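Before any comments, here is the structure.
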There are 2 protein chains.
Amino acid sequence: MPKIGMEEPRRRALIDATIHEVGARGGMDVTVGQIARRAGMSTALAHHYFGNKERILLAAMRHILSTFGALVREELARVETPMQRLNAILDASMDRRHFEPETVAAWLAFYVQAQQSPEARRLLRVYALRLHSNLLHELKQLTDPARAARMAQALSALIDGFYIRHALQDQAPDRDDIIDILRDYTCRQLTETGQP
Amino acid sequence: MPKIGMEEPRRRALIDATIHEVGARGGMDVTVGQIARRAGMSTALAHHYFGNKERILLAAMRHILSTFGALVREELARVETPMQRLNAILDASMDRRHFEPETVAAWLAFYVQAQQSPEARRLLRVYALRLHSNLLHELKQLTDPARAARMAQALSALIDGFYIRHALQDQAPDRDDIIDILRDYTCRQLTETGQP
DNA sequence: CGTTTTTAATTGACTAGTCAATCAACAAAA
DNA sequence: TTTTGTTGATTGACTAGTCAATTAAAAACG
């Protein structure tokens with residue numbers, strides 16, 4: 001059975017299985033055995049490729065974050081004006097793919113693991129910082145620096161907040177309502193009223 | 001040594017120890033042994049009082065949520081006008097006590113556990129619903145129903161979002177900045193501009 | 001009041017089970 | 001034959017939950 005060049009597909013399968021298993025079980029308390037079985041191999045092989053459990057989990061986390069980042073970059077490449085680019089970031093952040101139950105559960109679980117694992121924490125920080133600086137870059141071209149900074153913070157929090165609420169409430173607003181709220185927020189903030 | 005009337009302080013100590021232990025370890029992967037040791041008793045006694053591990057965790061969760069609810073109610077009782085009451089809810093939601101690292105970590109961990117445990121899910125739903133309806137009740141007196149609903153959704157998401165961001169980023173805005181952002185949001189939304 | 005019985009509090013030792021990680025061994029490709 | 005892929009079996013550490021036994025307070029009794 002041993003064919004050569006198995007390393008890449010095996011790693012891929014393990015990462016995929018990890019995300020699905022974490023999503024299905026709804027937490028990080030997955031066993032290497034469960035992951036390996038879903039990926040169609042023995043636990044020993046999983047250890048062979050990743051060394052230990054934590055590295056499997058981190059690889060899965062890295063995969064989710066880089067998928068997210070790639071999607072944002074892709075949407076961003078399509079448009080020109082700051083306003084379009086801002087909307088592109090918001091759209092990409094609310095992409096349907098992020099709302100698949102497994103992904104949401106995995107995301108949430110990673111947030112918790114970040115409290116224990118410095119490397120996981122670092123990864124999430126990178127994601128948060130990139131989102132923030134992406135937003136800020138566009139907003140600075142649309143309003144004054146102070147308001148831009150505040151809006152970037154608020155939009156980041158709104159995105160994370162809606163995401164986490166979506167994870168466990170059925171009456172949470174759906175994707176389209178969320179985008180409406182985000183657009184309404186930016187629109188109102190950028191319309192100059194009384195305050196300087 | 002056995003004194004009578006120990007049940008109540010023991011339960012209290014176990015709940016307290018659970019929150020601290022979950023907060024310190026940054027997840028739900030705490031052992032009954034760790035909790036019991038921190039509470040100054042044997043694992044058997046912890047089982048004696050709560051039956052099993054899940055009930056210990058749920059009791060701790062219930063305690064955190066009821067503390068939160070009591071605080072909101074307390075602040076709410078102090079003021080009269082809808083606008084004051086709205087601000088009271090926001091202030092209470094952002095109270096310093098909720099930002100103690102242990103509480104934040106425990107809160108986050110409970111969110112994850114809610115994916116696995118129906119009872120935990122139910123408890124969090126109650127919290128979310130109460131926050132939402134509290135906000136909605138005041139907002140309906142300040143603006144039209146559609147906008148009130150949208151604002152309640154947005155404010156809930158902002159609160160949860162800032163909370164979760166605070167849990168793992170040092171550059172996240174602090175309590176006062178967050179309150180500024182929340183107030184700025186409500187202020188702008190309630191100021192009638194162009195759109196009906 | 002003194003004695004006996006009941007009851008709550010408490011634990012150490014034990015059971016039965018899980019899981020991450022290791023290892024020795026085997027199969028095929030190069 | 002060396003390298004790469006692969007596994008079953010095993011180990012060692014840890015965990016939830018149980019249980020019988022112990023202690024002391026309280027209550028019942030004479």
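Residue numbering restarts at 1 for every chain, and letters A, B, ... go by the order of the sequence lines. These numbers come from a predicted model, not from an experiment.
The CD1-P distance, from B/Ile56 to D/dA16, rounds to 9 Å in whole Å. The distance between atom CG of A/Leu45 and atom C1' of C/dA27, rounded to the nearest whole Å, is 14 Å. The CZ-P distance, from A/Phe50 to C/dA21, rounds to 13 Å in whole Å. Distance B/His47 NE2 to D/dA20 P: 17 Å, rounded to the nearest Å. Counting to the nearest Å, the C1' atom of D/dA24 and the CE atom of B/Met6 are 13 Å from each other.
In the model, B/Thr143 has no side-chain atom that pairs as donor or acceptor with a side-chain atom of B/Gln189 under 3.5 Å. Looking at A/Gln115 and A/Arg121, their side chains never bring a donor and an acceptor atom within 3.5 Å of each other.
Under 4.0 angstrom from either OP1 or OP2 of C/dT10 there lies at least one side-chain N or O belonging to B/Arg10.
The pair B/Asp16-B/Arg12 does not count as a salt bridge, with every side-chain nitrogen at least 4.0 angstrom from each carboxylate oxygen. Under a 4.0 Å N-O distance rule, the pair A/Glu119/A/Arg122 qualifies as a salt bridge. With respect to the salt-bridge test (charged N to carboxylate O, under 4.0 angstrom), the residues A/Arg165 and B/Asp160 qualify.
Each of B/Ala44 and B/Glu7 was assigned the nucleotide of DNA chain C with the nearest heavy atom; the assignment lying further toward the 5' end belongs to B/Glu7. Mapping A/Thr43 and A/His48 onto DNA chain D by nearest heavy atom places A/His48 at the nucleotide closer to the 5' end.
In the region residues 11-42 of chain B, proximity to DNA chain D at under 4.0 angstrom, judged on heavy atoms, holds for B/Val30, B/Thr31, B/Val32.
Using a 4.0 Å heavy-atom cutoff across all strands shown, B/Tyr49 reaches sugar-phosphate atoms only and no base atom.
In terms of the ring-ring contact (aromatic ring centres under 6.0 Å, His included) criterion, A/His47 has no residue partners (sequence neighbours excluded).
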